[in-house]
Structure formats: structure tokens, C-alpha cells
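Structure first, then comments.
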There are 2 protein chains.
Amino acid sequence: MDIARITIAPSTAFQVHDWLRKRVQQGDLPPGMRISETEVAAAIGISRQPVREAFIRLASDGLAEVRPQRGTYISKISVAAVLSARFIREAVEADLARIVAQARPAEMLDRMADEIARQTAADQAGNVNDFIESDDRFHRLLALAAGQEAVWADLERLKAQMNRLRHLSMRAFDRGFIIGQHQQILDALRKGDADASETAMRTHLRQMLTEVPQMAAARPDYFTD
Amino acid sequence: MDIARITIAPSTAFQVHDWLRKRVQQGDLPPGMRISETEVAAAIGISRQPVREAFIRLASDGLAEVRPQRGTYISKISVAAVLSARFIREAVEADLARIVAQARPAEMLDRMADEIARQTAADQAGNVNDFIESDDRFHRLLALAAGQEAVWADLERLKAQMNRLRHLSMRAFDRGFIIGQHQQILDALRKGDADASETAMRTHLRQMLTEVPQMAAARPDYFTD
DNA sequence: TATGCCATACTTCCATACAAGTAAAGCCTC
DNA sequence: GAGGCTTTACTTGTATGGAAGTATGGCATA
């Protein structure tokens, strides 16, 4: 039997945090921008306390920096943090790829193919957000196919800094190239070739090594380290 | 020129968070225990607000769970979260081992040997905390030797759940065995044998796969999932 | 003009009061 | 005794006032 799904209204602080987090990740609140408890509270029409607690959560996410008695600022994108997250992603997804290549779960691979189709459509429509979301789902499906769903949840946390960079870079870089790499990965997985799958995945994720310096050079005011 | 190191007194909320976090990680505050803003505030002699904010941070760490209008509880150790963190560690440290084996930075390898010596001493003295700290330093040195210090910082966050488990299991399991595995890893690194280094590291970190179910069976009230 | 002091207008931090929700014990009713 | 209601004592959530610290512009002074 299905149990009833009871949802209680989330607290104000929770909602504010969620709202701010999304806006930061999408680049709506740019790195370095100053935000103020008073201003946000007034804009929403609530007291300062829930906003303050949302700021604390945002700081825990690494997306904001609270300087006591001075102000709160949207974190600049740490190049070191992005590269670290990238390193971890490569190591983890390389292992995931090997596992999936050996198991070859047909349904999951089909769903990955579906995502590639969606990416092509989003690319042609010029819809950056759709593309990024499908990109994430593609990689998440890999974790699912390897029976390691929780791993992707952990990676999501690490990707926080990377995501912001991606919203900047997606406009500048070739999405068709990314789609091609996804296809290569999927082809190798279907063949059950663990070595080729790992190599394709590592190549794909190393792409970022060239993108990061370019982005940092283009918008130095958005980056640190 | 060196710039002056100015330290400002950390906020009360920060200190409370730090205190609670350490106590949770060392198992002083057991999984499932109920904690209350009012009680902690009274015990320390401050108001509820900073304690409340410390609870929020603790929840962000995954070490506590705030149930609105009901109470706040120390998180039980999520088996899924531990296994996920372990999977990530294996993938990442396998890559790190390969890199270090190829570079063979003499000074770092010597420092890793020092840590093994400290672990032997701590083991004979029966000092669990010293052993765990040295164990962490050993693995951290590996990241340092690979030029990926930031990676270890990210792993630290993921290890939060694992650390609590370790304080439970270290008393039950054979520390001498762990030391031997560290030595095997170091030997392979010194030889510059990337494959052997990777294998030794993976073997070492897979040890946990047998420990986790045993611990969960021994103390089911401490675990979830 | 340059320098040091100071008032002022911010900021985050903490304390306090109250609001809203939960849970459990006690009591009443059947 | 069983079931249901009410009271009561909790819990966390929000609002508000003030404390403490910071940055800035103005002004007096040399």
C-alpha cells in the first residue's frame, strides 16, 4: 500500500534559503554582490530573523560569505573549489562508468539515450537551462545504473560552485561538442567496454580544465584564487 | 612580506556549532539523542538564538535533524551515506595514489612514514583518538603529495558520517591490520608502481564494506537505512 | 593640502517575547 | 476497560529592540 504523502508548509527561512540558492546558482545574484538581511527581509515583507537563518544556510552551501558586522556577500567562484570538485567527479564517474559498462542495464542506457535526444533539442532551441538540467540527468542516470544513487546526491553538493560557472560558460562553449561526448560515452557503455567507457568519461570531464581558466580570464571579478 | 594575522573572536553561534560538531563526531552525543535549544542555551548560559543557529549549521552538516515544533535530534548514521562516501573515497584516493606513485615526492612519502610510526605508537598506547587523527593525516598527505589539497577538504565534509562510525568501530577492529595496509600502500608508492598503489588503496578502503554491516548489526539503534 | 578626530549610518549579532504547532498525560464519558 | 476530549507543558518558528562592531564622510586643525 502507498502511504499518504503528508506535506507541511516549509518554514519561511527554508523557503528564503531555497529561493536565494537557486538565484545564486543561476547567476541571478552575481559573485561578489552584497546582500543585506534588512533589505531582503523588507523586500519579501518578513522579519530579519528568517532571512538571517537563510544566509547561514547559504554560507554552509559555500554560496555566501558572512563577514560579521560588515555585510554578507555572494561568494566569488573559487577556482580551487571548482577544480577540486572536477577532480572528484572524474575519479568517481570513471568508476561508475566501469561498473555500468560491466552490468549494461538496458533500460537505464535507453533513458540515457533519451537525455541525449533532449539535449539535442534544447541545443537547437537555444534553451540553456533545459540543456543543463538534461546534462545533469544524464550523469545522474549513470550513478543510478551503477546502483549508487546516493553518490550523485553527494556530488550535487560538491558541484555547487561548478554549476554557477556552467551557467556562465554554457553560452560561450559548444554544446554540440558536449552532446557528441555523451554519445561516445553511451556507445562505449553499450558495447560493455569498460576501458573505453572510462576513457570517454575522463576525456569528457577534463574538458572543464580548459574552460575554467578561460572563464576566469573573461570575468576576473567573478572569481577568486 | 608577511601580512599580519588578525584574528577576531568568533561568534557565539560559531563556537556552539563547533562544540556540538566535535561532540557528535566523537560519539559523545549519540545518534538519535534529542537536543533542545532551550536546554543547551541554559547549560551554556546564553540565549536560544545562537544555539538555534548552531543547530541549523549542524543540520547542514548532516549531523542533526530539526523537526519543526517537535524537537531536534542527533542524526542516526545513515548506512547509505556512509557507503556513498566510501565509494567516493575509493575512487578519488585511487586516482590520488596513481598520481603520487608517478611523482614520488620524497619528502611527502617520508612524512607518510612518520604517520605510520605514530599510528603504531598510538595503537600500543591504546589511544584511539590519536590513531584516528594520524590515520586522517596519512590520507591527507596523499592528497597533498598529489597537489590536490582542496580535494581532501571536500572529502572531509563527506566523511562526517563515516567519522562517527569509526569512533565506534575502532575499538572493535584490528588497528594493527590497518597499519599494515598503510605500509603496503606506502611501499607501492615508493616503488612508483601505480597499479600496485591503486590496488592497495582500494583494498584498504574496501575494508569498510565488511565493517559497516557488522557495526549496524551490533548497534541497530544508532543506524538508519 | 594633508591629517586626525568624530559623528553618523550602516552591518551583523544576541536577547527577549510571543506565536504556532506537537505530544502526552489526565480525565471524563460510555 | 476503551475511546475521545481537554488541558498543559513542552518544542521550534518569527518578530523586534538594542548591543557591538565597521566604514565613511565631514570637519576642525596644523
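So you know, we letter chains A, B, ... as the sequences are listed, proteins then strands, and number each from 1.
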Scan side-chain atoms only and decide if B:Q148 and B:W152 contain a donor-acceptor pair under the 3.5 Å cut-off.
no

Phosphate OP1/OP2 of D:dA23: any A:R70 side-chain N/O under 4.0 Å
yes

Selected nucleotide, minimal atom distance to A:R34 side chain, candidates D:dT11, D:dA15, C:dT11:
C:dT11

For the side chain of B:T38, counting heavy atoms from C-beta on, which of D:dT12, D:dT14, D:dG21 is nearest?
D:dT12

Between A:P50 and B:R67, just flag the one whose closest nucleotide in DNA chain D comes earlier from the 5' side.
B:R67

Rounded to whole angstroms, how far apart are CD on B:Q69 and P on D:dT11?
12 Å

Could you state the CG-C1' distance from B:L58 to D:dT12, rounded to the nearest angstrom?
16 Å

When you measure from the side chain of A:E53, which nucleotide among D:dG13, C:dC13, D:dT14 comes out closest?
D:dT14

Please state how far atom CD in A:E37 lies from atom C1' in D:dT14, giving the value in whole angstrom units.
14 Å

Counting side-chain heavy atoms from CB outward, which of D:dA15, D:dT14, D:dG21 is closest to B:R48?
D:dT14

Hey, which sits more toward the 5' end of DNA chain D by its nearest nucleotide, A:S47 or B:S36?
B:S36

Is the closest side-chain donor-acceptor distance between A:Q15 and A:W19 under 3.5 Å?
no

Among the nucleotides D:dA15, D:dG13, C:dT12, which one has an atom lying closest to any side-chain atom of A:S11?
D:dG13

Could you tell me whether the side chains of A:E115 and A:S134 share a donor-acceptor contact shorter than 3.5 Å?
yes

Rounded distance (Å) that lies between atom C1' of D:dG13 and atom CD of A:Q15:
12 Å

Of C:dT12, D:dT14, D:dT12, the nucleotide closest to the side chain of A:Q49 is D:dT14

CZ on A:R164 to CG on A:L63, rounded to 0.5 Å
5.5 Å

Given salt bridge (Lys or Arg N to Asp or Glu O under 4.0 Å), test A:D135 with A:R137 step by step and report yes or no.
CA-CA 5 Å; A:D135 187 358; A:R137 281 196 300 273; over 6 Å; no

Roughly, in whole Å, what's the span from CD1 in A:I56 to P in C:dC13?
7 Å

Does C:dT12 have its OP1 or OP2 closer than 4.0 Å to a side-chain nitrogen or oxygen of A:R52?
no

Nearest to the side chain of A:T12 - D:dT14, D:dG13, C:dC13?
D:dT14

What nucleic acid atoms does A:I35 come within less than 4.0 Å of, heavy atoms only: base, sugar-phosphate, or nothing?
sugar-phosphate

